[in-house]
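Written below as structure tokens is the structure these notes are about.
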Amino acid sequence: MTPPPVLSDAVTIELNAVLVALTENQPLVLTLEDGTLLPSGPFATEHPTLQIGVRAWVERQTQHPLGYVEQLYTFADRNRPASDGQRRVVSISYLGLTRERLSAGARDPEWRSWYRYFPWEDWRSGPSPLVAETILPQLAAWADAVSDPVLQRERRQRIEVRFGDGTENWNEELILQRYELLYEAGLVPEARQATDRVVPATGTNGQLVPVPGMPMRHDHRRILATGIARLRAKIKYRPVFFELMPPEFTLLQLQRAIEALAGRAMHKQNFRRLIDQQGLVEPTGASTSETRGRPAKLFRFRREVVLERAVAGTKLPLSRPI
């Protein structure tokens with residue numbers, strides 16, 4: 001039998017965690033060092049499984065207990081340097097859901113809205129003006145900057161698939177593909193900081209300007225985009241969003257929470273009809289007077305439906321631009 005390959009001394013294995021919480025209808029991600037890094041650390045082998053290991057590691061490093069956890073992706077590109085710039089790093093990333101805890105200081109773990117890193121992904125109030133007014137014109141200039149008609153057409157097709165026309169054909173799950181296209185076009189700061197690549201040719205109107213959105217060190221914004229895409233896809237067939245909810249909530253709070261994660265508005269009546277038909281929640285018998293008008297009923301998640309929904313699926317009525 002052929003022995004398994006042995007990693008050279010020049011390769012380091014690390015863990016990265018995309019930890020998500022919800023507060024006041026904002027999807028938050030746990031970050032370090034003024035929001036420039038995701039929680040990360042060296043891989044250790046004292047635990048029987050990677051998932052147990054990542055739980056222990058995250059809770060030890062951040063003091064945040066995890067709810068739902070799943071392995072996200074392994075990033076092993078050859079050009080992934082370690083912080084010292086000397087070693088190649090293979091990152092095993094995880095997606096975890098938890099409830100927010102307060103940070104104690106500037107260098108402690110800090111929760112930040114993921115729309116701070118990807119502002120063009122928030123379509124809850126309709127199409128993002130950033131897409132039509134800033135991103136698409138620059139991507140069009142990037143596509144037109146090449147003289148090869150085949151390459152030009154291929155670029156335009158990829159722009160259309162990922163961004164549409166800025167008003168429709170928006171697939172909320174393509175966040176990673178959109179970020180990677182912006183990176184390729186040199187429209188995010190991380191692309192210009194990379195030492196192994198040349199910034200693409202500028203458009204006909206001059207130098208392309210990075211689009212708004214907070215950058216991260218190394219490739220952590222790419223890892224974050226991967227985590228958001230996974231969660232946006234998963235909430236459509238498994239109700240993991242309940243891991244982010246308080247024990248009791250109103251149906252409006254639940255709708256706003258799902259909208260925050262998906263970045264899209266939902267049809268109120270269709271949403272409530274679907275929740276009722278699928279039996280995902282049950283009334284607690286109590287009400288809250290925090291909302292305007294008459295008191296709203298409080299509900300809780302029916303835990304016994306988790307396994308059933310993991311198989312049968314959960315469809316969410318996300319609205320589409322008209």
key: H218 vs L37, side-chain contact (heavy atoms from CB on, under 4.5 Å): CA-CA, chis, key distance, verdict   = CA-CA 8 Å; H218 313 310; L37 292 174; 3.8 Å; yes
request  = Just do the side-chain contact (heavy atoms from CB on, under 4.5 Å) check on L254 and F271 with the steps written out, would you?
outcome  = CA-CA 10 Å; L254 178 59; F271 168 77; 3.8 Å; yes
Audit row: K268, E259, salt bridge (Lys or Arg N to Asp or Glu O under 4.0 Å) steps and yes/no = CA-CA 11 Å; K268 179 178 178 180; E259 289 175 336; over 6 Å; no
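A286 is linked by a side-chain contact (heavy atoms from CB on, under 4.5 Å) to T284, L298, counting only residues two or more places apart in sequence or in another chain. Here E70 pairs with Y68, L95, R230, K234 under the side-chain contact (heavy atoms from CB on, under 4.5 Å) rule; sequence neighbours left out. R153 pairs by the salt bridge (charged side-chain N to carboxylate O under 4.0 Å, His left out) definition with nothing, not counting sequence neighbours. For L187, the side-chain contact (heavy atoms from CB on, under 4.5 Å) criterion is met by Q138, L139, L182, A185, L208, V211, not counting sequence neighbours. Listed by chain and number, the residues in a side-chain contact (heavy atoms from CB on, under 4.5 Å) with P283 are F299 (sequence neighbours excluded).
Grouped with V146 in one hydrophobic cluster are L151, the linkage being side-chain heavy-atom contacts under 4.5 Å among Ile, Leu, Val, Met, Phe, Trp and Tyr residues.
For Y115 and Y117, the gap between ring centers reaches or exceeds 6.0 Å.
In this structure, a donor-acceptor pair under 3.5 Å is present between the side chains of D165 and T167.
Classification of R222 and E180 as a salt-bridged pair holds, one side-chain N sitting under 4.0 Å from a carboxylate O. Here E172 does not pair with R178 in a salt bridge; the nearest charged N to carboxylate O distance is not below 4.0 Å. The pair D144-R156 counts as a salt bridge, with a side-chain nitrogen and a carboxylate oxygen less than 4.0 angstrom apart. Taking a cutoff of 4.0 Å between a charged side-chain nitrogen and a carboxylate oxygen, E190 and R217 do not qualify as a salt bridge.
Atom CD of E160 has 12 or fewer heavy atoms from other residues, nucleotides or ligands within 6.0 Å.
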